[in-house]
Every structure is written in structure tokens, then in C-alpha cells.
Amino acid sequence: MGKRIVAVRYSPDWLALTDDDTRRFLRRHHIDENLLVDFMALWDRNLKVDYRSFRDEIAKLSRASFAAVRGAEVISHEVLRETKRASDDLVAFVDDDDWLSPGLFEELDKACPRPLNGIWWGSILVGPQLTTYEDSQTVPLIELRPLKRVI
């Protein structure tokens, strides 16, 4: 049996994140560069906990859930790209706002026949995708994503 790896994609230092950092990121992805700046300003005006502090806490909770996955090695996506993987390694790619079950790889082993190239498991998306303000007004706030067996 290969390694079980949780590969964490790049995560900013939320407490040090500047408005210009977010603008550069969104421009690279062809998204309105002020989308997050405007959202953070709205959040900060209306909630007691500022957005950056909230996201920093979410990232800490996420990292704790990654560390709790039984039998998993948690590494950065950069380290994953730099190392050779065995054909039977299983890799779960995550962001700093994802949570994983401690039994993730046990469940994947049961659900997926061998050999496999990948799986997109059912998940719950809370909140609209980061696109435009107008889209955020019509896109469902909670979306149940179905299980797709093999990618």
C-alpha cells in the first residue's frame, strides 16, 4: 500500500494579507480584482471579527483536520511536486478552508476500485463561488456536490 498524502495548496498568511496581494491574485485568475477587497470591507463593517482574522482561524481549523487524518502525511503542494510518487500513493488536494474526515483514506479505499486515477468525492459547498457580486446573488448558498466515481 502506498502513502496517504494530504497535499495543501498555497495558503496566504491571512493576517499579513494586503489589499494589493488580493488584487494581484484575482488579476492572475481573470477575476474582478476588487472583488475580495470589497467583500472584506463589507465584512469588516458588519461583523465583529475582521475577515483576515476569521480566515486565519478557519485555516488553523483546517490544518488540524488534515493532521487528524489517520495514516496521512500532510505536505505542501510544492513539496508534492518536487518528490517522486509511487503508483499506489493516494493524494487528497486541499485548500485552507477544507475539512477532512479522520477516516478519509479508509473510506476512499472502500469506495474506489483499483486501479484508479482519481476521485472527486461528494462535498458540500457553502457560499457562492468567487466570481462576481451579481452571480453571488443568484447562485445557491449551499450546494451538495455529488460523488463521481473515477476521474
Side-chain angles (χ1 to χ4, degrees), residues 1-33 35-37 39-40 43-44 47-131 135-136 139-151:
M1 179 171 80
K3 292 183 178 180
R4 302 308 186 236
I5 299 164
V6 174
V8 185
R9 293 185 185 106
Y10 168 77
S11 176
D13 175 350
W14 286 103
L15 297 177
L17 187 72
T18 68
D19 289 353
D20 285 338
D21 294 334
T22 66
R23 287 185 180 106
R24 276 191 299 277
F25 174 81
L26 293 174
R27 264 195 311 265
R28 278 196 317 264
H29 296 283
H30 309 289
I31 300 173
D32 172 13
E33 68 180 45
L35 182 69
L36 190 53
V37 171
F39 177 78
M40 289 188 297
W43 177 293
D44 292 349
L47 298 169
K48 289 183 180 183
V49 176
D50 69 276
Y51 183 78
R52 289 170 177 88
S53 296
F54 172 78
R55 287 294 285 133
D56 184 63
E57 289 300 316
I58 292 296
K60 288 176 187 173
L61 289 170
S62 293
R63 286 190 298 271
S65 88
F66 307 155
V69 176
R70 290 187 288 276
E73 176 184 351
V74 180
I75 62 174
S76 71
H77 192 223
E78 290 79 22
V79 169
L80 178 73
R81 284 193 310 242
E82 295 169 0
T83 56
K84 186 166 174 44
R85 302 273 49 103
S87 63
D88 59 348
D89 287 350
L90 287 180
V91 182
F93 294 93
V94 294
D95 294 313
D96 71 351
D97 58 354
D98 295 332
W99 288 274
L100 298 176
S101 165
L104 170 69
F105 288 109
E106 295 146 4
E107 292 301 317
L108 288 177
D109 282 338
K110 285 190 284 187
C112 301
R114 299 276 183 217
L116 63 90
N117 293 322
I119 185 169
W120 180 315
W121 60 82
S123 63
I124 301 170
L125 175 67
V126 179
Q129 288 285 14
L130 196 62
T131 54
D135 287 347
S136 74
V139 173
L141 290 180
I142 298 178
E143 177 185 346
L144 301 177
R145 294 174 168 171
L147 175 69
K148 295 179 184 175
R149 294 288 297 195
V150 177
I151 295 174

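- We find the OH-CG distance between Tyr51 and Asp56 to be 12.0 Å, quoted to the nearest 0.5 Å.
- We find the CZ-CG distance between Phe93 and Asp98 to be 12.5 Å, quoted to the nearest 0.5 Å.
- Asp89 contributes a side-chain N or O that, together with a main-chain N or O of Lys3, makes up a donor-acceptor pair within less than 3.5 Å.
- A donor-acceptor pair under 3.5 Å links the side-chain atoms of Asp50 to the main chain of Arg52, judged by distance alone.
- Taking the charged nitrogens against the carboxylate oxygens, Asp95 and Arg9 do have a contact shorter than 4.0 Å, which makes a salt bridge.
- By the 6.0 Å contact criterion, NE2 on His29 is enclosed, its count of non-hydrogen atoms from other residues, nucleotides or ligands being greater than 12.
- What you find for Val8 and Val74 is that their closest heavy atoms are CG2-CG1, 3.8 Å.
- Aromatic ring pairs are classed by plane angle as parallel below 30°, tilted from 30° to 60° and perpendicular above 60°; the pair Phe54 and Trp43 is tilted.
- Across all non-hydrogen atoms, the minimal contact from Ala7 to Val91 is CB-CG1, 3.9 Å.
- When every heavy atom of Val94 is checked against every heavy atom of Leu100, the shortest pair comes out as CG1-CD1, 3.8 Å.
- For the atom pair CZ (Phe25) and CG (Asp20), the distance works out to 15.0 Å, reported to the nearest 0.5 Å.
- The closest side-chain heavy-atom distance from Arg4 to Leu104 is not below 4.5 Å.
- Taking CG from Asp19 and CZ from Arg23, the interatomic distance works out to 5.0 Å, rounded to the nearest 0.5 Å.
- Only one option out of Arg28, Arg27, Arg24 pairs with Glu33 in a side-chain hydrogen bond (donor to acceptor under 3.5 Å, both in side chains); it is Arg27.
- Checked options Lys60, Arg55, Arg63; the residue passing with Asp96 is Arg55 (criterion: salt bridge (charged side-chain N to carboxylate O under 4.0 Å, His left out)).
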Inset, instruction - Would you please test Tyr10 and Glu78 for side-chain contact (heavy atoms from CB on, under 4.5 Å) and show each step? - result: CA-CA 8 Å; Tyr10 168 77; Glu78 290 79 22; 4.2 Å; yes
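- In this structure, a donor-acceptor pair under 3.5 Å is present between the side chains of Thr18 and Asp21.
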Inset, instruction - Check step by step if side-chain contact (heavy atoms from CB on, under 4.5 Å) holds for Phe105 and Val6. - result: CA-CA 10 Å; Phe105 288 109; Val6 174; 4.1 Å; yes
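- Summarising the geometry, atom CG belonging to Asp97 is positioned 6.0 Å from atom OG belonging to Ser62; distances are rounded to the nearest 0.5 Å.
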